[in-house]
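The block underneath contains the structure these notes are about, expressed in structure tokens.
Labels below follow one simple rule: chain letters A, B, ... track the order of the sequence lines, proteins then strands, and each chain is numbered from 1.
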Amino acid sequence: MSGRRINAPLVVGGLLVLLVVIMALVSYVWTPYEFKFLPVPKEQPPNAEHWLGTDRSARDVLTQILLGARTTLFVGVVAVGVAALIGVPVGILAAMSPGRFGQLIMRGNDILLAFPALLLAIMFSTLYGGGTTIAMIAIGIATIPAFARITRSGALQVINTEYVAASRVAGHGPLAIAWKHVLPNVTGLVIVQASVSFAIAILAEAALSYLGLGTPTGEPSWGRMLLESQNVLHRSPHLAIIPGAAIAVAVLGFNLFGDGLRDYLDPKLEGR
Amino acid sequence: MSETQTPAISLRGVNREFRRPRTSLTGTPAVVHAVRDVSLDIQPGERFGLVGESGSGKSTLLKMISGLDRPTSGEIHIEGQPIHDRSVRKLRWLRRRLQLVFQDPMGSLDPRMRIREIIAEPLAAQGIPRGDKINELLERVGMSTDAARRFPHQFSGGQRQRISVARALAPDPHILVADEPVSALDVSVRAQVLNLIDEVVDGFDLTLVFVSHDLSVVRHVCDRVAVMRAGEIVEVGTTEQLYEDPQHAYTQQLLASVPRLSEALAGASAAQLAARTRAALAGSGAQDEADVAALAEEGARADAGAAGGGGVPAEDIRHDRHEDEGGTIG
């Protein structure tokens with residue numbers, strides 16, 4: 001569509017997200033050093049040898065940042081993927097089910113919503129062993145209610161429109177209506193929710209890593225870096241600032257990108 | 001219309017009750033009786049109007065006729081086949097016979113679908129091959145064929161109603177149900193859309209059910225009219241009978257309370273109109289005599305201005321076809 005408007009948040013957000021993606025991709029073919037303890041001084045500030053310095057275990061920070069981008073993307077994709085793939089259909093089902101059944105789904109949703117995400121992640125880690133994937137599936141499950149709610153509220157509006165009545169009169173069943181009308185009309189809401197949840201997942205991963213339930217020691221993660229830096233904050237602030245900035249860039253990027261994409265996808269704004 | 005012919009639409013003792021959500025845990029939920037004991041036969045080829053104020057149950061009745069809702073009790077037959085006891089899923093055959101044009105030109109087209117897909121929806125749902133039908137339908141409703149690749153928001157209200165009509169015609173229905181198809185439109189566009197409905201009903205030999213709260217609009221389009229009030233049909237008659245000699249007190253009241261644009265155009269003088277309004281208001285215990293008097297004066301002046309012109313006959317309005325705004329907006 002040539003008429004669609006490219007907006008500023010879309011471009012800026014897109015570039016920031018692209019930056020994170022490029023860092024992750026680059027890490028597959030090149031990193032300045034290996035991700036291990038190097039025979040160099042610890043806690044070096046940024047210099048010519050180590051562009052972003054070294055941490056308290058004498059590991060190269062840039063290497064960690066590049067490798068950490070992978071973890072960050074992986075974390076977001078798993079958590080948001082789980083939440084959206086289950087939450088969106090549940091929300092649509094709840095909206096389209098008449099009477100008690102829809103109510104029942106949403107009450108179940110409320111129960112899950114009342115359950116702290118981190119507690120669920122801890123439970124999962126205890127039951128199925130630690131690790132980033134398990135933790136993020138747990139975060140994803142805890143995020144299902146957010147997706148289900150936002151989808152349901154959007155879907156309720158859609159199914160009460162005359163175009164859905166028209167579709168029924170045309171002879172479409174509920175599945176076809178869900179697919180052709182409801183889903184396309186709630187994508188905007190889902191995208192915005194996904195961008196917010198992506199950011200939340202990145203932060204949750206950092207919190208879990210701190211508890212030893214997220215990314216295990218010895219695997220690169222921005223959240224881990226941030227937490228490992230806390231004891232030396234006064235001595236080597238760059239060890240907190242650099243991963244902090246990386247997280248901020250990723251979170252901001254996804255939020256802006258989500259906003260821009262919603263406007264871009266809305267055909268009503270086309271050509272204005 | 002022979003007596004033995006199967007009615008296009010037949011309603012027998014149709015009731016529809018809605019249960020209000022209960023307001024307390026112990027109380028019994030209130031029941032709203034939206035449609036009460038409606039019996040009606042609409043013959044093939046008839047142009048049937050359904051009038052009533054909002055909340056009179058006409059939309060509920062329409063939903064039941066269209067198979068979007070089921071009556072609490074009573075029977076509905078479309079072309080002799082029962083639909084009152086069928087789930088929506090078993091009514092696919094109905095979709096080829098009966099189609100709807102909706103009220104809201106903004107809300108009745110999915111904003112995310114191209115016009116092509118919107119018009120093709122009944123075809124897709126019925127598994128009818130599309131062929132060149134979309135273009136034919138667009139031309140039939142007076143739209144250019146390059147509308148097909150556009151989105152609904154690129155069209156004006158009148159154009160969107162044309163698209164709605166095209167969609168309704170797609171599966172070659174026998175019955176067209178129009179739910180207030182022009183009430184959301186500018187007065188200037190109404191005549192065009194009414195003309196279009198008029199034309200396609202003639203051209204495709206359709207039975208028309210036309211719902212409106214606007215008596216003047218119904219008068220232009222329909223042969224027979226039913227007046228609904230509080231879920232009941234209070235009077236049914238040919239358009240002429242009903243407008244010239246309303247039997248039921250409510251019909252009389254309704255006719256008296258409507259601003260008579262159509263009649264003014266059809267030649268009724270504004271002074272007459274104002275006088276009638278005054279009578280109606282007096283009848284309903286209106287206090288604002290001064291306002292009414294002012295209205296009457298204004299009417300008299302307007303008459304003086306239009307002297308000799310004699311007004312435009314309603315027939316002319318109906319067949320005077322303007323082109324819709326032409327092209328698209330945006």
Side-chain angles (χ1 to χ4, degrees), chain A residues 1-5 88 92 95-103 106-107 151 154-192 261-272, chain B residues 19 21 59 62-63 65-69 87-89 91-114 117-128 149-154 160 163-164 167-168 170-171 173 177 179-180 184 328-330:
Chain A
M1 278 310 304
S2 55
R4 279 192 176 156
R5 198 176 60 158
V88 171
I92 292 177
M96 294 182 76
S97 309
R100 295 274 157 91
F101 187 60
Q103 289 287 320
M106 289 323 283
R107 293 297 83 78
T151 305
L156 278 177
Q157 280 178 20
V158 174
I159 59 172
N160 285 319
T161 57
E162 287 190 337
Y163 60 78
V164 166
S167 187
R168 242 178 241 145
V169 171
H172 278 309
L175 267 181
I177 288 171
W179 182 252
K180 292 184 72 170
H181 296 291
V182 179
L183 197 58
N185 280 290
V186 298
T187 41
L189 289 171
V190 171
I191 284 169
V192 174
L261 206 57
R262 178 188 48 186
D263 289 350
Y264 178 74
L265 288 175
D266 190 343
K268 267 177 274 182
L269 298 172
E270 188 184 309
R272 269 197 200 159
Chain B
R19 224 177 249 202
S59 290
L62 202 82
K63 274 189 181 169
I65 290 173
S66 317
L68 289 173
D69 192 10
S87 72
V88 175
R89 213 165 301 180
L91 287 177
R92 296 194 92 184
W93 61 268
L94 179 65
R95 311 309 179 194
R96 286 192 185 215
R97 310 205 184 170
L98 183 147
Q99 282 290 315
L100 234 84
V101 175
F102 291 88
Q103 172 175 9
D104 179 8
M106 202 62 215
S108 60
L109 310 175
D110 188 333
R112 289 182 186 277
M113 281 170 95
R114 289 172 200 281
E117 299 308 318
I118 288 171
I119 297 177
E121 240 199 326
L123 301 177
Q126 304 291 333
I128 306 167
R149 58 184 176 78
R150 294 173 186 271
F151 286 97
H153 69 274
Q154 294 173 299
R160 278 196 287 255
I163 293 163
S164 256
R167 168 176 60 191
V177 178
D179 183 8
E180 307 250 11
T328 55
I329 295 171

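When the candidates B:E117, B:Q126, B:R96, B:K63 are compared by the number of heavy-atom contacts under 4.5 Å with chain A, B:Q126 comes out ahead. Ranked by heavy-atom pairs shorter than 4.5 Å toward chain A, the options B:S66, B:A124, B:P122 are led by B:P122.
If you measure heavy-atom distances from B:L109 to chain A, the contacts under 4.5 Å come from the backbone alone. Contact of B:L98 with chain A is made through the backbone alone, with heavy-atom distances under 4.5 Å. Contact of A:A176 with chain B is not made at all, since no heavy-atom distance falls under 4.5 Å.
Panel note: side chain B:R160, backbone B:P152; a donor-acceptor pair is recorded below 3.5 Å. Checking side-chain atoms of B:Q99 against main-chain N and O of A:V169 turns up a donor-acceptor pair under 3.5 Å.
Atom CZ of residue B:R150 and atom CD1 of residue B:I163 lie 10.5 Å apart, to the nearest 0.5 angstrom. A distance of 12.0 Å separates CZ of A:R100 from CZ of A:R107, quoted to the nearest 0.5 Å.
Every residue two or more places apart in sequence or in another chain that forms a side-chain hydrogen bond (donor to acceptor under 3.5 Å, both in side chains) with B:D110 is listed here: A:H181, A:N185.
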